[in-house]
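For reference, the structure is listed below as structure tokens.
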Amino acid sequence: MTDRTAFLNHLGGVLAGIEAEGLTKRERLIHGAQGAHVQMQGKQVLNLCANNYLGLADDPRLVQAAKDAMDAGGYGMASVRFICGTADQHRRLELRLAQFLGTDDSILFAACFDANGGLFEPLLGPEDAVISDSLNHASIIDGIRLCKARRYRYANADMADLEAQLQTARADGARFILIATDGVFSMDGYLAKLPEIRALADVYGAMLMVDDCHSTGFMGPQGRGTPAHFGVTADILTGTLGKALGGALGGYIAGPQAVIDVLRQRARPYLFSNALPPAVVGAGLAALDIVEAADDLRAALFDNARYWRAGLEAMGFRLLPGSHPIVPVMLEEAKLAQAMAADLADRGVHVAGFFFPVVPKGQARIRTQMNARLTRDDLDFALAAFAASGRKLGVIA
Ligand SMILES: *Cc1c(COP(=O)(O)O)cnc(C)c1O
């Protein structure tokens, strides 16, 4: 047997193991545009699992802005930013994001995964400390792994543990301390306790970084995110254009000028990866204009979240508490989450089961997400499907 054959056999075994545990993720194909309703396997289904909170993914204004930007600026940049990949629109979007978020400046990345991957290493050295919530997004975890600062972790949202880690970092002689947290924890829909985290940061002279991917556009006044929602200031923000802000792709870091300037010199995913294409940048600018004025969409989104939660709870489903448009239906077992997602698809409702390694073992769930464009009829249809499926699979009585 060659090494190559042995290696491929080994990978086959890995895949068989994933399958045996019921953890295989299968991609279902949608046809046409992303939206509250999508075409799947030849039929129209309701879609309750996109990060399309404001329903902008197929918004004609964004499609037009993307076309206009492509007509004016072409298809691709064929360069990283610092060689010849910076168009006037890139700087306009960076300054527009900074204005929207209330920071000095911002810097674009191909994705927020890259923004988080590139954030820590240029800013912090071995003399420094980064203190991270245990449920932070994988990209924060990876970004921290890539930096030389000492790492401390606190149990999710546990403020006593955060304080203990701050004390340890200080006792260990840290020069600078950065606390890193998601603004909203995406598997649970829980908000980070930003007022308490900010207060602790101030007591211990630490800085605060918030990844606001599941918040920007719909939480807080004008959709400025969780810090604005709580009325606190984060020192560094990261976010995505790939969720509420139109759902295409692109990430950013926003913060003080010196932070952004150093990242522009040193952040590896910025220096060694292509500039965002004109269509995405042009539509990103249009998305911010729409979002700032979208109090109606935000109201519809949170009305839908309230109605949906109340309906599911009345039927006896176990939800995680909260008011965020992420509404997790807890099922514990991965196979049950898979079976229920498949059964709901047959009933015309597209949802995704989440299970290990995305959430801890034994905490499998169907994560539903609300969208401003879902109607009451849509939600009643989905509630009826959940009722039938939940009874069939013995989840509810
Ligand atoms: C979605 C998400 C990301 C990744 O964003 P992309 O722009 O899709 O790479 C990073 N952090 C959090 C908290 C997210 O939810």
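Just so you know, ligand 1 is whichever comes first in the structure, and atom 1 is the first atom listed for that ligand.
For the atom pair CD (Gln64) and CG (Asp71), the distance works out to 8.5 Å, reported to the nearest 0.5 Å.
Looking at Glu121 and Arg145, no side-chain N of the basic residue comes within less than 4.0 Å of a carboxylate O on the acidic one, giving no salt bridge.
Listed by first then second residue, pairs satisfying ring pair (Phe, Tyr, Trp, His ring centres under 6.0 Å) with a partner in residues 135-167 number zero, not counting sequence neighbours.
When all heavy atoms of Ser106 and Ala98 are compared, the pair lying nearest together is N-CB, 4.0 Å.
Applying the ring-ring contact (aromatic ring centres under 6.0 Å, His included) test to Tyr252 and every residue at least two apart in sequence or in another chain returns nothing. Here Arg175 pairs with Glu127, Asp128 under the salt bridge (Lys or Arg N to Asp or Glu O under 4.0 Å) rule; sequence neighbours left out.
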Starting from the N and O atoms of ligand 1, collect every protein N/O partner closer than 3.5 Å and put each pair on its own line with the distance to 0.1 Å.
unit_1   : atom_1 : unit_2 : atom_2 : d
ligand 1 : 7 (O)  : Cys112 : N      : 2.8
ligand 1 : 7 (O)  : Thr240 : OG1    : 2.7
ligand 1 : 9 (O)  : Cys112 : N      : 3.3
ligand 1 : 9 (O)  : Phe113 : N      : 2.9
ligand 1 : 11 (N) : His137 : ND1    : 3.4
ligand 1 : 11 (N) : Asp211 : OD2    : 2.6
ligand 1 : 15 (O) : His214 : NE2    : 3.0
ligand 1 : 15 (O) : Lys243 : NZ     : 2.6

